[in-house]
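The next block holds one structure in the form of structure tokens; read it before the comments.
Treat the numbers as computed from the prediction; the structure is a model and nothing was measured. Chain letters run A, B, ... following the sequence lines, proteins first, then strands; residues in each count from 1.
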Amino acid sequence: MINLETLNENQREAVCYTNGPLLILAGAGSGKTRVVTHRIAYLISRENVKPYNVMAITFTNKAAEEMKNRVNDIVGFGADQILISTFHSACLRILRQHIDKIGYKNDFVIYDTDDSKSAIKLIIKKLELDKKLKEREIMSKISKAKNDMISADEYLKYNEDDLRGRQIAHAYMEYERMLKNNNALDFDDLLLKTVELFKREKEVLLNYQERFKYIHVDEYQDTNKVQFEFIKLLAAKYQNICVVGDDDQSIYKFRGADITNILNFENVFKNTKVIKLEQNYRSTKNILDAANEVIKNNQERKSKKLWTSKEEGESIEYKILDDEYKEASYIATEIARMTEDGSYNYRDIACLYRTNAQSRIIEEKLLLENIPYKIVGGQNFYQRKEIKDIIAYLKTVDNAYDDLAVRRIINVPKRGIGLTTISKIQSYADQGGISFFDACLDERLLLSLGERTSKKINAFTYMIRKIRAGKDEDKISDIFEKVITETGYESELKEEDTIEAQSRLENIGEFFNKAVDFEEKNEKGNLSDFLSDVALIADIDNVSEDDNKVLLMTIHSAKGLEFPKVFLCGMEDNLFPSKMILDMNDERELEEERRLCYVAITRAMQSITMTSARRRMLRGDIYLMKTSRFIREIPSIYEKASSASQSRKSYDYKNDFSGITTEKQRDAFKRKAFNPSDYKVEKLSALSYGIGDKVKHIKFGIGTVKDIKDGGRDFEVTVDFEGKGEKKMFASFAKLVKL
DNA sequence: AGCAACGTTTTTTTT
DNA sequence: AAACGTTGCT
């Protein structure tokens, strides 16, 4: 049952203001999710709004799931009728039903970032564009254009007198053609095409306006222009639109997030009610003070003062270590200490960093201390080669319009169909205006390719068609099973019998479980539904609260989360804030980094420890690092740390990072200041374990040492892992830890 | 066609 | 440092 007594005055006002546009400016930890869930509950239980008429947009699927559960807890019924999802998922649902009205097929596939990248790569080749033009740049330009709802034609018009701009425009056009031919939409299209649909098909729009009479948007500060357009259209009729955001937490500008969406809201929706939530319930006073010290350096922000009635709490820790290894060791031993003495559970602790690359060394040290952990993001599960291969197979079985998918797997595992053949097929397909797969079935083409090659191609197409034959009766898991067996994918990996192949097989197994999972949750779901579901999964979505593990992730991934204890590492200029931004010398970019720092600090509830390294290896080069300017913006902790480190200054460097700007200087500096042997991993002269000892391996877990051979350069160790069998590995590489 | 060896580049963040 | 692309060899 809903209880308004538990809310503060402003929160209650926000919950009960249900008629007309509402903008909630909610600081970090001010209970905004609580407000949204209570508001939905209030609408349903007090104002008799049908759950079916309520929509809520969240930033991740995980947040959506949590919100559903919370609403369900309060209301007790009907929560499954509310549409709570991300922008992308919501648009996907709409498009699956209606996109045929604007000239697409409803069974379109979704291109993720990697797919788009390969598409652009092909386009660069095909159009013979300037080699200087990186696919990344083209991609981000196209994405930005799409976010701003600029079509390829318009893009060309705006950039006609610029050679580079023209080339990008042509790539954009070709990319659009390619997507269309492949029956594919990219992430941006999901939004864009929905808006297009709404604009062109008034009936459809009206239908959805009638359905979603009450709309909520969480993390509003990170919406982009198309997303705002989507909301504007949907809310145009009833104007019951409630958005919640915090301009200080806008950290996705690089993805098109547009802060003017907050500033403009009141202009677009007349008579908007604005409510501010400024009381923070999450963090201690010390943590909040530090966060405020940092963020107050930003010029472009709505004035607000976040406050708390909480105690000061623990003081903020800041620790400077010699290098990234010592930094990681420090964090690991601290975690070991505070979990052993019972102050925290593993799941209470998060380790946040600016870049994914930082996770590796921390992982290593946690492993050494036997601390259970989970890394969020990084090499996304769904980006791994074996998973992408399986997905490409499933796409091909589902419908073979997606040339990219077909090309990806036509020779995986090796079937003797090489690049020459593939490009012959492709150009034939291009000429005839048919799909790659259809070209593979074309008699005339096969004849011209010669008997040997065409036999191989026939074998491939036969196999795909055979699997496809059962598509409608088979369960998703059955199709999956057929794909990995009949294509020979599984057996090839099994024969390989290496550590890597083993881990690939495990990943495929995990993916299989997800397929089964999907099957159980979505009885009506077909293969395309599964595939689009998979495309929209974010890293954070797979994190479960019941795992008692330390979480490692980027600050971006940590958005919206909170932890009793936070470690924020790599607090160094040129890492955080990143070198790219410092080089740009752009105050607005720096402010975004500062907001990121603000987000990081405000994740902490009870305690935060920030760390930095004096020297660090970045892209293979070692640099001397300087304490992050964000730390320097918190006088209380910076002064303490610098006076402490003064007394123990054991390094006599003539330079530090900030003084080194040219390659030459850096090389000279490296020769002077570093003895390489300090940083190379020494070949192990003796092992810490022997035959019969129990050891732990990063991937395989626990095993018993069966044999050790001295191969001269290195030891070759044979270990029998529990449930995984015997593996041979090199000692210096395997990093086995004695238990 | 397939592979090893070499040279080159690099995202910072992600639905 | 690691991943990627190209080249030249078999």
Next item on the list: Using the C1' atom as the reference point in each nucleotide, state the distance between dG5(C) and dT12(B) in Å, no decimals.
Entry: 23 Å

Notebook entry, point to check: Taking 4.0 angstrom as the limit, do Arg615(A) and Glu324(A) come out as a salt bridge?
Noted result: no

Note to self: Rounding to an integer number of Å, can you tell me how far Glu364(A) CD sits from dA1(C) P?
What the structure shows: 14 Å

Item checked: Presence of salt bridge, Asp573(A) and Arg629(A), under 4.0 angstrom -> yes

Notebook entry, point to check: Looking at Ile422(A) and Phe436(A), what are the two nearest heavy atoms and their distance?
Noted result: O-CE1, 3.7 Å

Notebook entry, point to check: What are the two closest heavy atoms between Ser628(A) and Pro577(A), and how far apart are they?
Noted result: OG-CD, 3.6 Å

Item checked: Between CG on residue Leu352(A) and CE on residue Met571(A), distance to nearest 0.5 Å -> 10.5 Å

Next item on the list: Using a 4.0 Å cut-off on protein heavy atoms (strictly under), produce a 5'-to-3' string for nucleotides 2-10 of chain C with B for base contact, S for backbone-only sugar-phosphate contact, and - for none.
Entry: S--S-----

Note to self: Return a single string for nucleotides 5-15 of chain B, one symbol per nucleotide in 5' to 3' order, where B is base contact, S is sugar-phosphate-only contact and - is none, cutoff 4.0 angstrom on heavy atoms.
What the structure shows: -----BSBBBB

Notebook entry, point to check: What does Asp112(A) touch in the nucleic acid at a heavy-atom separation under 4.0 angstrom: a base, only the sugar-phosphate, or nothing?
Noted result: nothing

Note to self: Does Lys455(A) have more than 12 heavy atoms from other residues, nucleotides or ligands lying within 6.0 Å of its NZ?
What the structure shows: no

Item checked: Asp115(A) with Lys395(A): basic N within carboxylate O range, under 4.0 Å -> yes

Checklist line | Arg614(A) with Asp322(A): basic N within carboxylate O range, under 4.0 Å | finding: yes

